[in-house]
Participant: 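I'd like to ask some things about the structure below.
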Protein chains: 2
Amino acid sequence: MNLDEVAKRAGVSAATVSRVLNNLNVVRDSTRERVMRAVSDLNYHPNLHARSLAGGKSRTIGMIASNLENPFFFDIFRTLEQDCHASGYEVLAAHTGYSPEQLIRSVRTMIGRRVAGLAVIVSEMAPDLMEELELSRIPTVFYDVGLAKHHISNIRVQYRRGIEHLVEHLHALGHKRFAFVGHHSLLGPTSEREQAFIETMRRVEPAPEWRTVADQDGPEGGRRAIAGLLDTGFQPTAVICVNDYTAIGVLRELRERGLSVPADVSVTGFDNIQLSEYCFPPLTTVHIPRDRIGHLVFEALAPKSGDAESEGREIVVEPELILRQSVSKAI
Amino acid sequence: MNLDEVAKRAGVSAATVSRVLNNLNVVRDSTRERVMRAVSDLNYHPNLHARSLAGGKSRTIGMIASNLENPFFFDIFRTLEQDCHASGYEVLAAHTGYSPEQLIRSVRTMIGRRVAGLAVIVSEMAPDLMEELELSRIPTVFYDVGLAKHHISNIRVQYRRGIEHLVEHLHALGHKRFAFVGHHSLLGPTSEREQAFIETMRRVEPAPEWRTVADQDGPEGGRRAIAGLLDTGFQPTAVICVNDYTAIGVLRELRERGLSVPADVSVTGFDNIQLSEYCFPPLTTVHIPRDRIGHLVFEALAPKSGDAESEGREIVVEPELILRQSVSKAI
DNA sequence: TTGAAAGCGCTACCAG
DNA sequence: CTGGTAGCGCTTTCAA
């Protein structure tokens, strides 16, 4: 089923069918109607591959995320998608499951699809990819990795600041034994959070005891991580989690061990996802404005009429401490 | 940047470059190497649109879900994606946010992309779509909607059975005032759950008091729904939620009103998503095997070598009651 | 307002 | 093993 058959059935040329389908208002109404009729009679659906091939441009934006299951990433996706739809763009989402190989595959696929722009919101990062993307000349946004370049923008969240807020708050409450629950991922924002944690620990007076552990991203990973740590005999009074999603698992494990939060142990998350208000107790966390990030990504990728070809920018996002019931004074 | 430029640079024909890129092992090693070198020198990425256009087949499977944020849908997606990747397929995911218009757009886009198969896992359903898809001859799987047809398979979960299990269990525990918390969506599985609830209520002796309410899918919707109901003065001792994700919001609202679960109110979910074990208290729910569903979808869509052109099948999935701590005897 | 025809970049078939 | 070439289905001039 193709344009020609539709054209034949409508008694017009392929060009005219194309005009109708693309809303070029140069077609006589009667002709347009005949075409539309043929289209629906034949259950015709334009081949999008042919369309992009012939048209050149793509009107599609790609987003690659480490873990779309984590609401943090999904919230960014949702906002980006809304903005895109509002401007007639499609969004293609891919997730890597934190696998660097999958990341490479996804990036290549996106380039192969000739997306109009690409958002790479991942923690794992292969350095060569940056160059591959730069060379591809596709407008790209990275999240917390690398530096802005010609076609590459960069959004960076002041994770360090967020962690510092958290630690200072807990420290002021008298906590002296800290744990950091991270997740596996070689580079990027995660380890920035861990680094910030470690450095802050070293700076604080009097020097606290502290440990770091890591497992998968998510409730299950968080649960296993804290379980492993507690099994070593270390008894933190404050547990700082790399993100809210992981913190949910920590809360459960503590609860099942008969440890009360925050009476026995204070717990913090990061991101301020919706679930952080719905878990028990609600999490003290650090707000990262995913919606704002989504909008920023869109702005960086969609060529606003006027901008010739926007250069890559460096965009900084400030986090904000959110106090809830999962934290209290040290025992 | 295209095949020809690569061919020129490598001093071979476009056909040969194509052979190398497609791993047709008929190319001399030295030639292959020269080509690969040219490819990487030029940072060449094959145009996937041209490829599918020329090749005809697509090696891509589409999945449309109502709400990818709800782990129920995401789990199906994850499994499907794993199976697909293992067999060299790509997956294109779209979500509709329960919007029938978006569903139509997504389906059309998928057809336009000429996907090799399409999974439509949604609650909202426009009847004409079924025919549009049937006519498109794309192998399709619907979830709990319509009937199997020529190219259309159907997975149906015995929701009715699941709800009955739940109600009987609660009834046996002496509950006499029930609430059903649903979510908006005109047709399909959701209302099947609600219908099952209503019919079961009418059948049970002695006749219980009951109400149904609905809001969005998700914690926020669940919270608002139960809040609205409680504000009317109705005091259920058992709240049956359309799914676990929504139940999380119900748990929070009850907690904030000082109602203890399960001492004051019993709450049940549906789906048995991972979070149902992580919330407080852990939810009594009904297990729906999302991984099995994911596998079934894949099998129904990917033409296993051997099958000429598998006919649409009707596949039935049995749910299973899972008892946890969110339910107890009526006060 | 409409038609004819030249590509878009790639695969696949036919020769050599 | 390699090259030439005819499409795949659509958009987009250029003419009419």
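Numbers restart at 1 for each chain; the letters A, B, ... are given by sequence-line order, proteins then strands.
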Participant: With a 4.5 Å cut-off on side-chain heavy atoms, are B:L135 and B:E132 touching?
Facilitator: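 No, their side chains stay 4.5 Å or more apart.
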
Participant: Give a yes/no answer on whether the side chain of A:N22 brings an N or O atom under 4.0 Å of OP1 or OP2 in D:dT11.
Facilitator: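 Answer yes for this pair, as a side-chain N or O of A:N22 is under 4.0 Å from OP1 or OP2.
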
Participant: Can you tell me how far apart OG1 (A:T60) and CZ (A:R114) are? Round to the nearest 0.5 Å.
Facilitator: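 It comes to 13.0 Å.
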
Participant: For A:N23 and D:dT11, what is the distance between atoms CG and C1' respectively, to the nearest whole Å?
Facilitator: 15 Å

Participant: Please report, rounded to the nearest Å, how far the C1' atom of D:dC1 is from the CG atom of B:L24.
Facilitator: 12 Å

Participant: Starting from the 5' end of DNA chain D, give me the residue, B:L53 or B:V26, whose nearest nucleotide shows up first.
Facilitator: B:V26

Participant: Rounded off to whole Å, could you give me the CZ-to-C1' distance for the B:R114 and D:dC10 pair?
Facilitator: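 Atom-to-atom, B:R114 to D:dC10, this comes out as 11 Å.
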
Participant: Could you tell me whether the side chain of B:N70 and the main chain of B:F72 form a donor-acceptor pair under 3.5 Å?
Facilitator: yes

Participant: Do the two ring centres, one from B:H95 and one from B:F77, sit under 6.0 Å apart?
Facilitator: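 For B:H95 and B:F77, the ring centres are not under 6.0 Å apart.
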
Participant: Using the heavy-atom set of chain B and a strict 4.0 Å cut-off, write down the first and last nucleotide of DNA chain C that makes it in, 5' to 3'.
Facilitator: C:dG9 to C:dC13

Participant: So, do B:L21 and B:Y44 sit near enough that their side-chain heavy atoms are less than 4.5 Å apart?
Facilitator: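 Contact flag for B:L21/B:Y44 side chains = yes.
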
Participant: Which heavy atom of B:V17 sits nearest a heavy atom of B:L3, and at what distance?
Facilitator: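 Answer, listing the atom of B:V17 first, then B:L3: CG1-CD2, 3.0 Å.
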
Participant: Does a sphere of radius 6.0 Å around CD in A:E5 hold more than 12 heavy atoms from other residues, nucleotides or ligands, not counting ones at 6.0 Å or beyond?
Facilitator: yes

Participant: In plain terms, say whether A:E90 and A:R113 are close enough for a salt bridge, that is, a side-chain N and a carboxylate O under 4.0 Å apart.
Facilitator: no

Participant: Just checking A:D4: base, sugar-phosphate only, or nothing, at a heavy-atom cut-off of under 4.0 Å?
Facilitator: nothing

Participant: Between B:R28 (CZ) and D:dT2 (C1'), how many Å, whole number?
Facilitator: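 In whole Å, D:dT2 C1' lies 9 Å from B:R28 CZ.
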
Participant: Report the distance from atom OG1 of A:T79 to atom CG of A:D291, rounding to the nearest 0.5 Å.
Facilitator: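 If we round to the nearest 0.5 Å, A:T79:OG1 and A:D291:CG are 5.5 Å apart.
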
Participant: For a quick check of understanding: with a heavy-atom distance under 4.0 Å over all strands, which category does A:T16 fall into, base, sugar-phosphate or nothing?
Facilitator: sugar-phosphate

Participant: Between the two ends of the helix from C:dT1-D:dA16 to C:dG16-D:dC1, what is the bend in degrees, rounded to 10 degrees, where each end axis spans five pairs?
Facilitator: 30°

Participant: With heavy atoms under 4.0 Å as the rule, sort B:V12 into base, sugar-phosphate or nothing.
Facilitator: sugar-phosphate

Participant: Can you check the A:M1 CE to D:dG9 P distance for me, whole Å?
Facilitator: 10 Å

Participant: Using a cut-off of 4.0 Å on non-hydrogen atoms, how would the nucleic acid contact of A:T31 be classed: base, sugar-phosphate, or nothing?
Facilitator: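 It contacts sugar-phosphate atoms only.
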
